[in-house]
Amino acid sequence: MGWEYGIKVANVKGIKVLMDRLAEALPGIDGYQMQREEDGFSLLQNDPDWPEALQVSVEEARNIEGLTDDEPYIYCLFHIGGEDAVKWREGMYRVLEEEERAAEWFEL
C-alpha cells in the first residue's frame with residue numbers, strides 16, 4: 001500500500017531549503033500534524049495502528065536508475081491514498097515546478 005516517489009535534486013547544497021519548501025507546500029488538513037525530523041518530516045494521523053500518513057526524507061541512492069549510488073535524493077512515501085494524499089502530492093509538485101534545485105520527480 002502507498003505511493004513511492006523520489007526527487008532528484010540538481011543542487012544538492014540546496015536540499016534542506018527544498019525540504020522546507022515541500023513541508024510548507026502541504027495544505028493544512030484537519031486530523032494530521034506535521035512532525036519535523038533531522039532528515040525530513042512526516043505527517044501523522046490520529047490512528048495508533050498506522051500513524052504515519054506521509055514520510056519525506058533525504059536518502060542516499062542504491063541501485064536507482066538515473067541516480068548514482070550514494071547520491072542524495074528526496075524520498076517520499078505516501079502511506080495513504082485518496083483525496084488528502086492527492087492534495088499533498090499536487091502541492092509538492094507545484095514547489096518542484098517553481099524550484100531550480102529539483103531536477104525531476106520520479107516514481108519508485
Side-chain angles (χ1 to χ4, degrees):
M1 179 170 100
W3 305 328
E4 284 184 294
Y5 295 95
I7 301 169
K8 181 177 179 177
V9 180
N11 178 356
V12 175
K13 292 179 183 176
I15 202 164
K16 294 290 185 185
V17 173
L18 181 56
M19 291 289 287
D20 288 340
R21 294 263 341 266
L22 291 171
E24 292 166 5
L26 297 174
I29 299 173
D30 289 339
Y32 299 94
Q33 68 180 47
M34 181 167 297
Q35 177 179 308
R36 297 282 186 145
E37 296 149 8
E38 185 175 323
D39 66 341
F41 60 89
S42 297
L43 282 182
L44 306 176
Q45 58 186 341
N46 297 327
D47 180 350
D49 294 329
W50 199 275
E52 289 184 326
L54 169 65
Q55 289 175 263
V56 179
S57 59
V58 176
E59 303 287 333
E60 290 185 353
R62 294 277 186 265
N63 300 319
I64 298 176
E65 188 176 326
L67 298 175
T68 2
D69 282 353
D70 300 324
E71 180 179 352
Y73 74 101
I74 298 174
Y75 174 72
C76 307
L77 176 57
F78 293 78
H79 290 280
I80 65 170
E83 188 176 317
D84 291 347
V86 169
K87 288 179 186 175
W88 299 335
R89 186 175 59 182
E90 288 172 352
M92 293 170 68
Y93 192 75
R94 279 191 296 276
V95 168
L96 298 180
E97 289 177 334
E98 298 168 0
E99 272 295 325
E100 295 174 10
R101 293 175 187 89
E104 65 184 275
W105 172 276
F106 57 94
E107 195 166 343
L108 292 169

Taking only residues two or more places apart in sequence, or in another chain, which ones meet [X] in a side chain to side chain donor-acceptor pair (under 3.5 Å)?
| X | result |
| --- | --- |
| E59 | S57 |
| Q45 | none |
| E38 | none |
| D39 | none |

Checklist entry - Can you tell which of V9, V12, L67 makes a side chain to side chain contact (heavy atoms under 4.5 Å, CB included) with P72? => result V12
Side chains of [X] and [Y] in contact at under 4.5 Å (non-hydrogen atoms):
| X | Y | result |
| --- | --- | --- |
| L18 | N11 | no |
| L77 | L54 | no |
| W88 | V86 | no |
| L44 | E52 | yes |
| K8 | I74 | no |
| W3 | L108 | no |
| V58 | M19 | yes |
| I7 | V56 | no |

Any residue meeting side-chain contact (heavy atoms from CB on, under 4.5 Å) with [X], in chain and number order, not counting sequence neighbours:
| X | result |
| --- | --- |
| D70 | E60, R62 |
| P51 | none |
| E97 | Y93, R94 |

With sequence neighbours left out, what residues match [X] under salt bridge (Lys or Arg N to Asp or Glu O under 4.0 Å)?
| X | value |
| --- | --- |
| E24 | none |
| E98 | R21 |
| D47 | none |
| K16 | none |

Item to check | Charged N-O contact under 4.0 Å between R89 and D84 | outcome: no
Item to check | Nearest heavy-atom neighbours spanning G91 and A25 | outcome: O-CB, 3.5 Å
Checklist entry - Can you name the nearest heavy-atom pair linking M92 to C76, along with the distance? => result CE-SG, 3.7 Å
Item to check | Gap between atom CD1 of I64 and atom OG1 of T68 - 0.5 Å precision | outcome: 10.5 Å
Item to check | Spatial distance of atom CG (D20) from atom CD1 (I15) [nearest 0.5 Å] | outcome: 11.5 Å
Checklist entry - Can the ring centres of Y73 and W105 be said to be less than 6.0 Å apart? => result no
Next on the checklist: If you apply the rule side-chain contact (heavy atoms from CB on, under 4.5 Å), what do you find for H79 with Q55, and how did you get there?
Outcome noted: CA-CA 8 Å; H79 290 280; Q55 289 175 263; 2.4 Å; yes
Next on the checklist: With a sphere of 6.0 Å drawn around CD of E83, does it hold more than 12 non-hydrogen atoms of other residues, nucleotides or ligands?
Outcome noted: no
Next on the checklist: List the residues meeting ring pair (Phe, Tyr, Trp, His ring centres under 6.0 Å) with Y75, not counting sequence neighbours, and say none if there are none.
Outcome noted: none
Next on the checklist: We want to know whether Q35 and E37 form a side-chain donor-acceptor pair, criterion being a heavy-atom distance below 3.5 angstrom.
Outcome noted: yes
Item to check | Verdict with reasoning, Y32 to N46, per side-chain contact (heavy atoms from CB on, under 4.5 Å) | outcome: CA-CA 7 Å; Y32 299 94; N46 297 327; over 6 Å; no
